[in-house]
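Order of the sequence lines fixes the chain letters, A, B, ..., with proteins taken first and strands second; residue numbering starts at 1 for each chain.
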Amino acid sequence: MSNDDREAYVPSQVEEKWQRLWDERGTNSFTPDELKNAADPFYNLMMFPYPSAEGLHVGNIYAFTGADVHGRYQRLLGRDVFEPIGFDAFGIHSENFALKRGVHPMDLIPSNVANFTRQLRRTGGMFDWKHTVDTTHPSYYRWTQWVFLQLFKAGLAERKEAPVNWCPSCMTVLANEQVIAGACERCQTAVEQRRIAQWFFHITRYAQRLLDNLDTLDWSESTKAAQRNWIGRSEGARLRFPVLDAGGHDSGTFIEVYTTRPDTLYGATYMVLAPEHALVDRVTDDGHRPPVLAYREAAAKKDLVARQKVDKTKTGVFTGGCCRNPVTGQPIPIWIADYVLTGYGTGAIMAVPGHDERDFEFAEQFELPIVRVVAGPGDGPDTPLPEAYVGDGVMVNSGPLDGLPWPEAKAKIVEMLSGHGLGEHEVNFRLRDWCISRQRYWGPPIPVIHCDACGPVAVPEKDLPVVLPRVADFKPDDSGVSPLARLADWFRTTCPECGAPARRETDVSDTFLDSGWYFLRYPSTDFDDRPFDTDITSKWLPVDAYIGGNEHAVLHLLYSRFLTMVLHDLGHLGFEEPYRTFRAHGLIIAEGAKMSKSKGNVVVPDPIIEEYGADTFRTYLMFLGPFESGGDYRQEGIQGPFGFLHRLFDTVLSAGDGQPDPHIERKLHRTIRQVTEQLRELQYNTAVAAMMEYLNAVRSGGRRAARAEVEPLVALVAPFAPHLAEELWERLGHTESIFDGANWPAYDEAKTVDDAVNIAVQVNGKLRGTVQAAKGAGEADVVALARNDGNVARHLVGVTERKVVFVRDRLVNFVVS
RNA sequence: GCGAAAGUGGCGGAAUGGUAGACGCGCGAGACUUAGGAUCUCGUGGCCUGUUGCCGUGGGGGUUCGAGUCCCCCCUUUCGCACCA
């Protein structure tokens, strides 16, 4: 038969047909009963997108396809796979875009969502469209507000005045996490400091647990490391330094410092307070007051960008005050400097210039004494310090600590000081409380009512949702309050407790709160009277597999872990960790560079799917490189998978009924084994390669395939090319979807083994030939064969054999000299 | 600076300590075609005239019969965090 007579593979026809049939048959969606009664539930989650006006980009599709391949594979194994998708549509992104376009977000978002939905369907994801969420819909944010109330009632949400990062361009408060190198992560504008009353969640109370639980999670190591780093636990001590009065006597006031190296206390030669420190006034004497105040004012004016300059030059001024080193008894000067941060530890440090790089630099600059208290190998007590020594060693110039290795000294000195009330062991975390209020419009109103008599009062749960009103003017201004504060009709209300006139909270909440619990909502969207159904939640959660980007390694994942822990502690959930496994996918670049409009290498999905089909696009994306490291998208490369699917279509349709060839059958079982193992590990690129290799073998020499040789391949390819697989499956005579029923092929280990093997023959580790032998052949036989190989024999002439290394079925190595 | 990951053909990338470069792109040659950016076949790390051969996984040491893989030092790149005491 010539190629011209064969039916051509037309992706668009196949894909339209199956997308329609999946919808009609409800192939990918669960009814409430099915959710309740699923025999073998598998919750496959991917990070829901923010529905931008530009539409889905390749990065989204890459992530979703990788997750979808995993879900479809689990389903082919026979599991009941729930794979929902939704839209994270609140937030500054949408609001700013709406402002720019002059469209109201309430009008903009629905059309973006419709566009995303169309695109997502077109990519062939196995999404359950009956269980989707849109965070901006009152039926969703009603429960986001409910989550807030649970924390509020538990005392984990608190309003307090705090210095915050203020973006003068976005006109909003940013979380520390949203400040990148002192600039707004969204618009790169320099961030300023302001003091505003804000709602905070006390995530710091969970810091230790958030850290400890990491050890129990099956997550990408890089993600766990990022979280550990972010939580930033450090173990040290809180020490108290007596402040001296003008006469050089203890004044009764103490300065508290936090240090991770209390052992170096004998080397503390000066003290530094943050410029904002409460005791600055008190320790400053009259002679030094003008420069201190000037420095303090300058520091206050500096925004966070300036404060966090990488610039290593230290600045600071002497206050004129002194305190006493509690162990040496020596008076040491008190300085203020902005390299000491007010938000970490106690806002004051004991400076040990000999053993801390920052202190060393400061001491050099201002000619303060530098004392060695740790001696490294080969150092004595008086060995000069050309730079701070931070390595291991033993204590010197440290009285009773002398000779101790510093970790031991650390414990000992804390013990010594605690006896005198001058210090105690302390653990510190870098993690800060989570500021969840936003002085913006496009978010769920925080469900609190402020009453003059009762203070902040929770909106009764029966009154939820507090609906975000539609207002024409949603533009933020420099007032520092939400646009909702302009709507007197909206915010005027009465106190739910005492009935007095009261005022609604006009701030809205952070989008990370919306996305912090969405996975709980998906399986329960059939219920509008509860955030998540108890039975369904205990059946489906925690999430079995979560796949997403490492850009959310800290914030989103940490916040959702925190919320899950809280809801667990409050008795709402039976588990405290939301995601059993998490895998971070890599980043897609294009033509060797990061995608950007200016480089003109942005990959636009729609026309590619139009030309090659979703199946080819999916397969290619998964073939580009290891899923967990990403890959380089090159347009020409798509020809490989495109040709592969064409050949697959052609080969299956023209397959005959004969017996499978034994060699092919062996390769088939090996291929099934490899693809099975690699799909489990998300090693998609090599799994696709194995299938290509197998198809090449089936077609080699232009032979006609036997049906038994290719039918299992259709199932193997189904996670990658689901439409084509369905089509071929149907043409092979099946009436049910390939995804219904456990159609993943089994392999027979016995059938993967060859009866003959090629054995490498080396002389002194260099390959000199190969010989063929029966599988499992013994040493004597194989070595004899090897010795007779012409080329090997040549290398064995005129040398002395010392040893023969034999590895069964693999190699023979003659060691000669 | 700290933390994480990675350096292999022209390119994307494969390799339980055991025949480096699977699979694919690109390229070359050929076949079939009125034509083809279609399809099919063969070839494709470098060097030498060459099937024998030599050299090859960022650089330098080491362990081993045998190292891309393990250990030590160095260089480079990417990502994240950045004065956290």
Side-chain angles (χ1 to χ4, degrees), chain A residues 2-4 8 177 180-182 220-226 228-230 232 234 236 257-261 264 272 307-312 314 337-341 343-352 356-359 361-362 428-432 550-551 553-554 586-587 589 591-592 594 620 623-626 628-641 643-644 646-647 650 685-694 696 699-702 758-770 790-791 794 802-807 809-816:
Chain A
S2 82
N3 287 338
D4 304 331
E177 296 87 327
I180 307 299
S220 301
E221 272 313 311
S222 60
T223 311
K224 291 209 245 183
R228 282 192 192 100
N229 232 11
W230 192 262
S234 75
V257 302
Y258 173 73
T259 174
T260 54
R261 292 293 302 274
T264 60
V272 188
R307 279 295 284 276
Q308 292 182 357
K309 270 267 162 25
V310 187
D311 187 355
K312 277 271 186 170
K314 300 276 186 289
D338 67 2
Y339 82 94
V340 175
L341 308 176
Y344 185 78
T346 62
I349 61 156
M350 64 176 210
V352 184
D356 181 280
E357 288 169 24
R358 297 152 300 180
D359 297 344
E361 195 194 332
F362 191 83
N428 244 293
F429 294 95
R430 208 190 72 119
L431 185 69
R432 312 292 170 80
N550 240 339
E551 70 272 19
V554 259
L587 239 55
I589 58 172
E591 312 293 333
K594 212 181 235 180
Y620 182 44
F623 180 64
L624 282 179
E628 292 181 63
S629 25
D632 186 1
Y633 188 96
R634 287 175 191 264
Q635 189 55 42
E636 316 92 67
I638 201 169
Q639 293 300 338
F644 167 64
H646 270 93
R647 287 189 289 276
D650 183 67
N685 58 330
T686 46
V688 172
M691 291 188 274
M692 288 175 167
E693 200 179 332
Y694 176 65
N696 289 346
R699 293 167 55 88
S700 70
N758 282 324
I759 292 173
V761 184
Q762 301 178 333
V763 178
N764 277 355
K766 278 195 200 300
L767 184 72
R768 297 302 179 189
T770 59
N791 193 39
R794 209 172 11 258
R802 299 290 175 199
K803 187 175 168 187
V804 180
V805 178
F806 173 74
V807 181
D809 296 336
R810 294 224 79 120
L811 68 53
V812 174
N813 185 13
F814 294 98
V815 185
V816 302

Touch class at under 4.0 angstrom, heavy-atom based, for A:T770 against every strand present: base
Side-chain donor/acceptor of A:N685 to backbone N/O of A:L624, under 3.5 Å: no
Side-chain N or O of A:R430 closer than 4.0 Å to phosphate OP1/OP2 of B:G3: no
Closest-nucleotide 5' rank along RNA chain B - winner of A:Q762 and A:F814: A:Q762
From B:A14, B:C83, B:G24, nucleotide with atom closest to A:D338 side chain: B:C83
Sugar-phosphate, base or nothing in reach of A:N791, heavy atoms under 4.0 Å: sugar-phosphate
Short side-chain N/O contact from A:N685 to OP1 or OP2 of B:G24, under 4.0 Å: no
Length of the line joining A:E357:CD and B:A85:C1', which is rounded to integer Å: 12 Å
For the student: nearest non-hydrogen atoms of A:D359 and A:A351, plus distance: OD2-CA, 3.3 Å
OG on A:S234 to CZ on A:R261, rounded to 0.5 Å: 13.0 Å
Sugar-phosphate, base or nothing in reach of A:V815, heavy atoms under 4.0 Å: sugar-phosphate
Side chain to side chain contact (heavy atoms under 4.5 Å, CB included) assessment of A:Q762 paired with A:L811: CA-CA 7 Å; A:Q762 301 178 333; A:L811 68 53; 3.7 Å; yes
Sugar-phosphate, base or nothing in reach of A:D359, heavy atoms under 4.0 Å: nothing
A:N758 vs A:G765, nearer the 5' end of RNA chain B by closest nucleotide: A:N758
Residue A:A225, side-chain atoms from C-beta onward, closest of B:C83, B:A4, B:C23: B:A4
Closest listed nucleotide, where the reference is the side chain of A:F623 and the choices are B:C81, B:G24, B:A85: B:G24
Sugar-phosphate, base or nothing in reach of A:R794, heavy atoms under 4.0 Å: sugar-phosphate
Gap in Å between the two P atoms, one belonging to B:C65 and one to B:G12, rounded: 37 Å
P gap between B:G68 and B:U8, integer Å: 15 Å
Whole-Å distance separating the CG atom of A:L624 from the P atom of B:G12: 12 Å
Residue A:I589 excluded, over 12 heavy atoms near CD1 under 6.0 Å: yes
Pair of N/O donor and acceptor under 3.5 Å linking B:U39 base with A:R647 side chain: no
Same-atom distance (P) from B:C70 to B:A15, integer angstrom: 14 Å
Under 3.5 Å: donor-acceptor pair, side chain of A:N791, backbone of A:R768: yes
Pairwise C1' distance for B:U49 and B:U57, with rounding to whole Å: 29 Å
Nucleotide B:G21, atom P - distance to CD of A:E693 in whole Å: 12 Å
Atom-pair distance (CZ on A:R768; P on B:G66), nearest Å: 14 Å
C1' spacing across the pair B:A38 / B:A31, given as an integer number of angstrom: 14 Å
Gap between atoms CG and C1', on A:N550 and B:A5 respectively (whole Å): 10 Å
Base-pairing mate for B:C2 - Watson-Crick or G-U, with both contacts under 3.5 Å: B:G80
Main-chain N/O of A:D632 paired to A:R634 side chain as donor or acceptor, under 3.5 Å: no
Closest listed nucleotide, where the reference is the side chain of A:L767 and the choices are B:A85, B:U19, B:C40: B:U19
Atom-to-atom span, CE of A:M692 to P of B:G12 - whole angstrom: 17 Å
Candidate nucleotides B:C65, B:U19, B:A82, ranked by approach to the side chain of A:R810 - the nearest: B:U19
Sugar-phosphate, base or nothing in reach of A:I349, heavy atoms under 4.0 Å: base
For B:G30, the Watson-Crick or wobble counterpart (both distances under 3.5 Å): B:C40
Under 4.0 angstrom between A:K766 side-chain N/O and B:C55 OP1 or OP2: yes
Sugar-phosphate only, base, or nothing, as touched by A:S629 at under 4.0 Å among non-hydrogen atoms: nothing
Any-strand Watson-Crick or G-U partner of B:C65, both distances under 3.5 Å: B:G18
Nearest-neighbour nucleotide for the A:K314 side chain, B:C83, B:C23, B:A85 considered: B:C83
Pair assignment for B:U57, Watson-Crick or G-U wobble, requiring both distances under 3.5 Å: none
Counterpart base for B:A35, defined by Watson-Crick or G-U wobble contacts under 3.5 Å: none
N or O in side chain of A:N696 less than 4.0 angstrom from B:G24 OP1/OP2: yes
Any A:Y258 side-chain N or O less than 4.0 Å from OP1/OP2 of B:A85: no
Interatomic distance where CD1 belongs to A:I589 and P belongs to B:C79 [whole Å]: 10 Å
Nearest-Å distance for atom pair CG/P, residues A:D632 and B:A14: 13 Å
Whole-Å P distance, B:U39 and B:G24: 14 Å
Pairwise C1' distance, B:C11 and B:C27 [rounded to whole Å]: 11 Å
Point-to-point distance, once rounded to the nearest 0.5 Å, from OG1 of A:T223 to CZ of A:R228: 10.5 Å
Pairwise P distance for B:U69 and B:G7, with rounding to whole Å: 11 Å
Sugar-phosphate, base or nothing in reach of A:K594, heavy atoms under 4.0 Å: sugar-phosphate
A:R634 side chain, from C-beta outward: closest of B:G26, B:A22, B:G12: B:G12
Minimum-distance nucleotide (side-chain atoms of A:K803 versus B:C81, B:C65, B:C83): B:C65
Chi-based syn or anti call at B:G12, which uses purine or pyrimidine torsion atoms and a 90° bound: anti
Interatomic spacing from CG in A:N428 to OH in A:Y344 - rounded to 0.5 Å: 4.5 Å
